[in-house]
Undergrad: 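This is the structure, below, for whatever I ask next.
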Amino acid sequence: MLRMKHVLLEVFFDDERVKLEEVLTHTSDLEELMYKEVKFTYAPNELAYAGSNGIVYNIEDMAGFGGDMEIEPEEENYEAKRAKLIEKWQEIAVKKIDEAVDEYMAVKDSVLAEFDEEK
């Protein structure tokens, strides 16, 4: 059975040698990407808006669990505390996605109504 999943990857490439948008437009699988001098790793615990070709164009369009969100590895019960913090981050992120969809649907109706009024 063929299934679909969205997978967020962090992509590494030489922007002087590889035109990422072209590669993603003309490449059909990850194995082919590896031959195009593109390296990648998973991007766990990240929230992002991807524009055309699934690319997140601006750093402001994503937030990942890291930096100030992290705790020091020396923290007592580090693994348990970190797991709980990631769980809370996931809850917040999913809630914000749901809120964004609801807000968009309201805006969509408003925009479409404006176009209908112009007729």
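What you see is a predicted model; the values in this text were computed from it and never measured.
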Undergrad: Are the side chains of Ser52 and Tyr57 in touch, meaning some heavy atoms are under 4.5 Å apart?
TA: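 In contact.
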Undergrad: Below 4.5 Å, heavy atoms only, C-beta onward: do Met69 and Leu85 meet side chain to side chain?
TA: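 They are not in side-chain contact.
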Undergrad: OG1/Thr25 to CG/Leu20 distance, rounded to the nearest 0.5 angstrom?
TA: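 So the gap between those two atoms works out to 9.0 Å.
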Undergrad: If you measure from CD on Glu87 to CD1 on Ile92, what distance do you get to the nearest 0.5 Å?
TA: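 The CD atom of Glu87 sits 11.0 Å away from the CD1 atom of Ile92.
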Undergrad: Determine, using the 4.5 Å side-chain heavy-atom cutoff (strictly less than), whether Leu24 and Phe12 are members of one ILVMFWY cluster.
TA: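 They do not share one cluster, since no chain of ILVMFWY contacts under 4.5 Å joins Leu24 to Phe12.
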Undergrad: What distance do Glu79 atom CD and Lys84 atom NZ have between them, rounded to the nearest 0.5 Å?
TA: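 Taking CD in Glu79 and NZ in Lys84, the distance rounds to 15.5 Å.
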Undergrad: Between the side chains of Glu99 and Lys96, is the shortest nitrogen-to-carboxylate-oxygen separation below 4.0 Å, so that they form an ion pair?
TA: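 A salt bridge is present here (some side-chain N lies under 4.0 Å from a carboxylate O).
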Undergrad: Are the side chains of Tyr42 and Leu9 in contact, using a 4.5 Å heavy-atom criterion?
TA: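 Contact flag for Leu9/Tyr42 side chains = yes.
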Undergrad: Is a salt bridge present between Glu70 and Arg82, judged by a nitrogen-to-oxygen distance below 4.0 Å?
TA: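 Answer for the salt bridge query: yes.
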Undergrad: Is it the case that one hydrophobic cluster holds both Val11 and Tyr49, taking links as side-chain heavy atoms less than 4.5 Å apart, direct or via other members?
TA: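 Unlinked, Val11 and Tyr49 end up in two clusters.
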Undergrad: With a cut-off of 6.0 Å (strictly less than), are more than 12 heavy atoms of other residues, nucleotides or ligands near CG of Leu112?
TA: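 Check passes, neighbour count above 12.
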Undergrad: About how many Å separate CG of Leu8 and OG1 of Thr41, when rounded to the nearest 0.5 Å?
TA: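 Rounded to the nearest 0.5 Å, the OG1-CG separation comes to 10.5 Å.
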Undergrad: Do Ile55 and Val18 land in one hydrophobic cluster if side-chain heavy atoms of ILVMFWY residues count as linked below 4.5 Å?
TA: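 Per the 4.5 Å side-chain linkage, Ile55 and Val18 are co-clustered.
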Undergrad: Val7, Val56: one ILVMFWY side-chain cluster at the under-4.5 Å cut-off?
TA: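 Val7 and Val56: separate clusters.
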Undergrad: What distance separates Asp98 CG from Glu103 CD, expressed to the nearest 0.5 Å?
TA: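 The CG atom of Asp98 sits 13.0 Å away from the CD atom of Glu103.
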Undergrad: Kindly give the heavy-atom pair with the smallest separation between Ile71 and Tyr78, and that separation in Å.
TA: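 Scanning both residues, the minimum pair turns out to be O-CE1, 3.6 Å.
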Undergrad: Please round to the nearest 0.5 Å and tell me the distance separating atom OH of Tyr104 and atom CG of Asp109.
TA: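 Separation between the atoms: 9.0 Å.
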